[in-house]
Structure formats: structure tokens, C-alpha cells
Undergrad: 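I am attaching a structure below and will ask some questions about it afterwards.
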Amino acid sequence: MINIIKVNSEQQFNETGAGIIASLLQSNPRAILGLATGGTPVGVYQKLVELYREGVVSFKQASSYNLDEYVGLPENHPESYRRFMNEKLFNHIDIPIENTHVPSGNSEKAAEEYTRLLEKAGQIDLQLLGVGHNGHIGFNEPSENLHGPTHIVELDELTRQANARYFPSIEEVPTHAVTMGIGTILQAKQILLMAKGADKAEIVAKALKGPITTQCPASLLQTHANVVVVLDQAAGGLL
Ligand code: GLP
């Protein structure tokens with residue numbers, strides 16, 4: 001079941017996303033959060049930091065598992081997702097850093113270890129997702145077949161170009177990444193998909209109303225029983 005919330009401003013977008021996460025933590029302080037990177041969640045994380053500073057929410061007993069990470073970037077590389085999460089969220093809230101997990105992209109073995117870690121942790125309570133222009137979620141790219149568990153993928157050129165804005169040159173954008181598979185993502189109790197901007201309107205409409213196909217990984221969300229979608233007016237323009 002997909003519940004679409006369209007908001008009228010950037011502030012409402014971030015407040016709605018952060019509000020859903022904060023409410024979960026207020027009712028379940030030990031919640032297991034699935035977190036995402038990219039530009040979409042930055043304002044949501046900023047709002048969560050504000051709510052933490054105001055004493056509205058605590059992450060003390062929470063834990064988090066990130067969707068993905070680039071292969072071959074040292075952890076302290078400015079564009080590594082571990083560093084992104086530390087700088088945008090973890091360093092500013094009371095989540096114990098040892099409770100935060102970002103997959104390591106350095107070997108298939110490390111990817112398998114992440115799968116075991118997730119199995120041991122139990123079901124993710126809320127999985128935050130953005131969506132790529134080609135319909136990827138995490139780094140699950142359009143393809144003939146999608147993988148269930150955490151695995152290493154070769155990035156589409158379109159994805160490398162979309163992420164090149166964070167690197168000095170396209171050559172420095174990794175060619176591979178490690179990502180939670182669609183199977184893992186769909187096991188979450190609840191999914192919070194967020195998208196903003198007119199450039200996402202087409203892929204959002206395709207994902208939510210189009211055919212369910214591995215060529216648009218985000219369309220697999222239509223099979224999930226509990227999906228909340230938060231969109232600004234531009235990203236929801238074709239719905
Ligand atoms: C990257 C991330 C995805 C993210 C996507 C969209 O590929 N691996 O998790 O959803 O980009 O990013 P943005 O939110 O910047 O559009």
C-alpha cells in the first residue's frame with residue numbers, strides 16, 4: 001500500500017520526513033533505521049539534528065544501517081558515504097557510533113558480512129530511500145534481474161554522471177558500489193521514499209504508477225505493504 005504525501009515547501013518536505021522518523025523513535029526508542037545518502041535526505045537529517053537538540057527525539061538506543069557505499073574509497077574520503085553520514089547526522093546526535101553501520105565495498109566477503117549483520121539485527125523498522133533518475137534505489141540499477149542480498153554492483157554511466165557533481169572529475173567517480181539488494185530493502189517494516197524537484201517527476205510517476213519491472217527498481221516498491229512517499233509539488237507533478 002502506497003501513501004503519497006505532497007508538500008508545498010522544502011521546509012515541509014524536511015519536517016515531514018524528519019517527523020516520521022522522530023515519531024517512530026518516540027514510540028520505539030530501539031528502532032532500527034535504514035538510512036540513505038544523496039542530496040534528498042540532507043535537509044531531513046538537518047531537521048533531525050534540530051529535533052534532537054530541542055530534546056524532541058533521542059537516538060541513544062537506536063541503530064542504523066545504510067543502504068550503500070562506493071567501492072574503493074577510503075572511509076575518510078570526502079565522498080565516502082560513511083563520512084557523509086557522520087558529517088550530516090551521526091556526529092550531531094546521540095546515536096552511539098558503534099550502532100551505525102555502513103556497508104564496506106571492498107570485497108564480496110564484506111558484502112556477505114553485511115548481509116549477516118542485517119540478519120542478526122532483525123527487521124529494519126523504517127527504510128529511508130531516495131530514488132535515482134533511472135529508478136535505482138540504493139545502487140540497485142535497472143537490469144534484467146535484481147539481487148536480494150547486499151552485493152557489489154557496477155554503476156550505470158547515468159548514475160556516475162549524476163553523482164559526479166560531488167567529485168573533482170568524472171574519472172574520480174567510482175565505477176562500483178556495494179548496496180543492499182532489493183530483497184533486503186523490501187523486508188523493512190515500513191519504507192519512506194522521498195523525492196523532490198521536477199527532474200524526479202517522471203521517474204516517480206513511473207515507479208509508483210508504471211509497470212512493476214526490474215528495469216525500474218523503484219517500481220518494486222509497489223509490492224510492499226507499507227510505503228509512505230513524501231514529494232514536493234514538482235516531483236509529484238505527474239501524479
Ligand atoms: C545515489 C544514492 C541513492 C540516492 C540517489 C539519488 O545514487 N546511492 O541512495 O537515492 O543517488 O540521489 P539524490 O537524492 O541526490 O537525487
Side-chain angles (χ1 to χ4, degrees), residues 7 10 13-14 16-18 33-47 64-73 77-85 87-89 101-105 111 114 124 126-143 146-147 150-167 170 172-182 184-186 188 191-208 216-221 227-232 234-237:
V7 295
E10 175 83 13
F13 182 82
N14 296 328
T16 304
L33 303 174
L35 298 177
T37 56
T40 301
V42 171
V44 176
Y45 294 151
Q46 279 167 351
K47 190 64 198 166
S64 74
Y65 293 83
N66 261 76
L67 274 170
D68 46 15
E69 175 61 281
Y70 286 115
V71 168
L73 288 189
H77 185 285
E79 294 315 317
S80 93
Y81 284 175
R82 161 51 78 182
R83 182 154 168 184
F84 174 101
M85 291 305 302
E87 290 178 352
K88 303 289 184 205
L89 184 62
H101 308 284
V102 178
S104 153
Y114 202 67
I124 286 177
L126 176 74
Q127 176 64 59
L128 173 61
L129 294 176
V131 60
H133 294 95
N134 62 359
H136 73 244
I137 43 180
F139 272 126
N140 291 281
E141 302 282 19
S143 96
L146 294 171
H147 297 262
T150 301
H151 61 287
I152 289 175
V153 294
E154 183 171 0
L155 297 180
D156 272 6
E157 260 327 290
L158 185 66
T159 300
R160 294 187 68 239
Q161 279 153 24
N163 289 304
R165 63 190 192 273
Y166 300 117
F167 290 83
I170 183 79
E172 296 187 50
V173 181
T175 56
H176 290 75
V178 59
T179 182
M180 275 189 203
I182 293 289
T184 304
I185 292 169
L186 292 174
I191 290 176
L192 171 57
L193 171 69
M194 300 189 76
K196 61 184 177 179
D199 61 318
K200 292 287 176 73
E202 196 180 327
I203 196 58
V204 164
K206 216 170 143 197
L208 301 182
C216 177
S219 69
L220 276 291
L221 297 179
V227 178
V228 177
V229 182
V230 178
L231 305 169
D232 67 1

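Residue numbers run from 1 in the order of the sequence given. Start at 1 and go down the list; that is how both ligands and their atoms are numbered.
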Undergrad: So is H133 in contact with ligand 1, going by heavy-atom distances below 4.0 Å?
TA: no
Undergrad: State which residue, out of Y166, F167, F84, fulfils the ring-ring contact (aromatic ring centres under 6.0 Å, His included) condition with Y70.
TA: F167
Undergrad: Who's the nearest protein heavy-atom neighbour of atom 4 (C) of ligand 1, and how far?
TA: T37 O, 4.0 Å
Undergrad: Count the heavy atoms of every other residue, nucleotide or ligand shown that sit under 6.0 Å from CD of E202, and state whether that count exceeds 12.
TA: no
Undergrad: Please determine whether any non-hydrogen atom of H136 lies less than 4.0 Å from an atom of ligand 1.
TA: yes
Undergrad: Relative to atom 6 (C) of ligand 1, which among T40, V131, L35, V42 owns the nearest non-hydrogen atom?
TA: V131
Undergrad: Between CG of D68 and CD1 of I152, what distance do you get to the nearest 0.5 Å?
TA: 12.5 Å
Undergrad: Output the list of atoms in ligand 1 that are nearer than 4.0 Å to some heavy atom of F139, sorted by atom number.
TA: 7 (O), 8 (N)
Undergrad: Does ligand 1 have a heavy atom under 4.0 Å from the side chain of E141, from its backbone, from both, or from neither?
TA: neither
Undergrad: When you measure from the heavy atoms of M180 to every atom of ligand 1, does any distance fall below 4.0 Å?
TA: no
Undergrad: Nearest non-hydrogen contact with atom 3 (C) of ligand 1 belongs to which option: A36, G130, G132, G138?
TA: G138
Undergrad: Applying the side-chain contact (heavy atoms from CB on, under 4.5 Å) criterion to I191, which one of L128, I137, V227 satisfies it?
TA: V227
Undergrad: Do other residues, nucleotides or ligands put more than 12 heavy atoms under 6.0 Å from K206 NZ?
TA: no
Undergrad: Between CD of Q46 and CG of N14, what distance do you get to the nearest 0.5 Å?
TA: 7.0 Å
Undergrad: What protein heavy atom is closest to atom 12 (O) of ligand 1, reported as residue, atom name and distance in Å?
TA: G38 CA, 4.0 Å
Undergrad: Per the salt bridge (charged side-chain N to carboxylate O under 4.0 Å, His left out) rule, what does the pair list look like for residues 153-166, sequence neighbours excluded?
TA: E157-R160
Undergrad: Provide, to 0.1 Å, the distance between atom 13 (P) of ligand 1 and the closest protein heavy atom, together with that atom's residue and name.
TA: G39 N, 3.5 Å
Undergrad: Is Y81 touching ligand 1 with its side chain, its backbone, both, or neither, if touching means heavy atoms under 4.0 Å apart?
TA: side chain
Undergrad: Among all protein heavy atoms, pick out the one at the shortest distance from atom 9 (O) of ligand 1; state its residue, atom name and that distance to 0.1 Å.
TA: D68 OD2, 3.4 Å
Undergrad: Apply salt bridge (Lys or Arg N to Asp or Glu O under 4.0 Å) to residues E10 and K196 and explain how you reach the verdict.
TA: CA-CA 8 Å; E10 175 83 13; K196 61 184 177 179; 2.7 Å; yes
Undergrad: Within the 4.0 Å heavy-atom shell around K200, which atoms of ligand 1 are there?
TA: 13 (P), 16 (O)
Undergrad: Testing the basics here: between A36 and Y45, what is the closest heavy-atom pair and its distance to 0.1 Å?
TA: O-OH, 2.6 Å
